[in-house]
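Each remark here refers to the structure printed beneath this line.
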Number of protein chains: 2
Amino acid sequence: MNAAKQKQLSASMEDYLEVIYHLSGSGMVARSKDIAEGLGVSRASVTGALRVLSEKALINYKPYGVVTLTDRGRVEAYKIVRRHRVLESFFIDILGLDAVIAKESACRAEHALGQQVIGRLRDYIEFITAREDGDVALEFKQFYHKKQLPDA
Amino acid sequence: MNAAKQKQLSASMEDYLEVIYHLSGSGMVARSKDIAEGLGVSRASVTGALRVLSEKALINYKPYGVVTLTDRGRVEAYKIVRRHRVLESFFIDILGLDAVIAKESACRAEHALGQQVIGRLRDYIEFITAREDGDVALEFKQFYHKKQLPDA
DNA sequence: TTGCAAAGTTAGGTGTTGCTAACTATATTA
DNA sequence: TAATATAGTTAGCAACACCTAACTTTGCAA
């Protein structure tokens, strides 16, 4: 029951972990500078975050060293990425929102919604897109397009 | 262009404003103690928040005085309440989630989603519930209930 | 190989949001 | 109206998440 390990991550730390996941996923090693750019924070802030994530045993990190995810870190990061993906998919595929808005909104909402909501949302997307009896997403697109038109 | 007025509210301040809205809505005057209880924070924290909201001209407040919303405050508060309601309705009426989970999730997500997302979500709820051609919400309920059953 | 630019860290500071403890003001009620 | 309980405030502190400026380390190129 190591104290550093058990408390759940802040939204901020989730963001760091998510970026590290994406950077190390694409072949690259996660470099401090890229993390900073990815999140729009200073390099100094990244150093602080890396220390925290390292204390929580989510990343392997030593000053001036390379950053990699631990097994636990990868699991945690993937949970966040999955939440993000479900939300983004919902915003785009069900609500028909613009891709940029969808991504930004997913980034902010992914920290606020628990597994119960995300899981149900995933089911909902599956249900609507797999549904044989009429294309609900398309119908909705027509619905809100009509709504937005001027009355004339 | 008063500096205090233009910056947008933090999630915290939105929460305070929302509680004040609800308290003053139900006939009562918003009392510091009730705000504290409503948000689960100390009375001292409430005092600090009231000062901030007062500086932003969202509430009328003087030490030891009564708290009321200004016109601008009521408008801002109502925006937040509306976001909350749309989310809660979506979670309950579309996703079929438990009322408690729905309320908690709406409380957290209401600060993360902008008017574009909320507006589209409102349209979606309207579209699905008003739709003549089959009850999608009910079908989905059956869908995820079946999903959750053990395989045997 | 040395010498410089880029990357990373440290030190110190700010703003936000919360806390507790101790104080003051207000309201109740005996 | 005076005592006392309740409500509200102040002061002081802590955690978090960020910043800039100055420093150190690293790696590449001449």
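Chain naming here is simple, since letters A, B, ... match the order of the sequence lines and numbering starts at 1 in each. Every heavy atom of this structure was used, including side-chain atoms; hydrogens, water molecules and symmetry mates were not.
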Whole angstrom value for the distance that separates [atom2] of [N] from [atom1] of [X]:
{"X": "B/K33", "N": "C/dA27", "atom1": "NZ", "atom2": "C1'", "value": "14 Å"}
{"X": "A/R51", "N": "D/dA17", "atom1": "CZ", "atom2": "P", "value": "14 Å"}
{"X": "B/I35", "N": "D/dT6", "atom1": "CD1", "atom2": "P", "value": "20 Å"}
{"X": "B/R31", "N": "C/dA27", "atom1": "CZ", "atom2": "P", "value": "11 Å"}
{"X": "B/Y61", "N": "D/dG8", "atom1": "OH", "atom2": "C1'", "value": "7 Å"}

Notebook entry, point to check: Among residues 36-50 of chain A, which contact DNA chain C at a heavy-atom distance under 4.0 Å?
Noted result: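 When residues 36-50 of chain A is checked for heavy atoms under 4.0 Å from DNA chain C, the hits, listed by number, are A/R43, A/A44, A/T47.
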Check: Given D/dT10, is OP1 or OP2 found less than 4.0 Å from the side-chain N or O atoms of B/Y64?
Finding: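 No, no such contact exists.
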Margin query: Whether A/E37 and A/K33 form a salt bridge (side-chain N of Lys/Arg under 4.0 Å from carboxylate O of Asp/Glu) is what I want to check.
Written below: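 Salt bridge: yes.
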Item checked: B/R120 side-chain N/O to A/G96 backbone N/O, donor-acceptor pair under 3.5 Å ->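 Yes, B/R120 side chain to A/G96 backbone: donor-acceptor pair under 3.5 Å.
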Next item on the list: Ignoring hydrogens and angles, state whether a donor on the side chain of B/T70 or B/N60 is under 3.5 Å from an acceptor on the partner side chain.
Entry: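 Looking only at side-chain atoms, B/N60 and B/T70 do not form any donor-acceptor pair under 3.5 Å.
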Note to self: The test is salt bridge (charged side-chain N to carboxylate O under 4.0 Å, His left out); show your working for B/K79 and B/E76 and say whether it passes.
What the structure shows: CA-CA 5 Å; B/K79 283 185 198 165; B/E76 287 305 308; 3.1 Å; yes
Notebook entry, point to check: Sequence neighbours excluded, which residues qualify as salt bridge (charged side-chain N to carboxylate O under 4.0 Å, His left out) partners of A/D34?
Noted result: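 A/R31.
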Item checked: Partner residues of B/Y16 under the ring-ring contact (aromatic ring centres under 6.0 Å, His included) criterion, sequence neighbours left out ->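 B/Y16 satisfies ring-ring contact (aromatic ring centres under 6.0 Å, His included) with no residue once adjacent residues are dropped.
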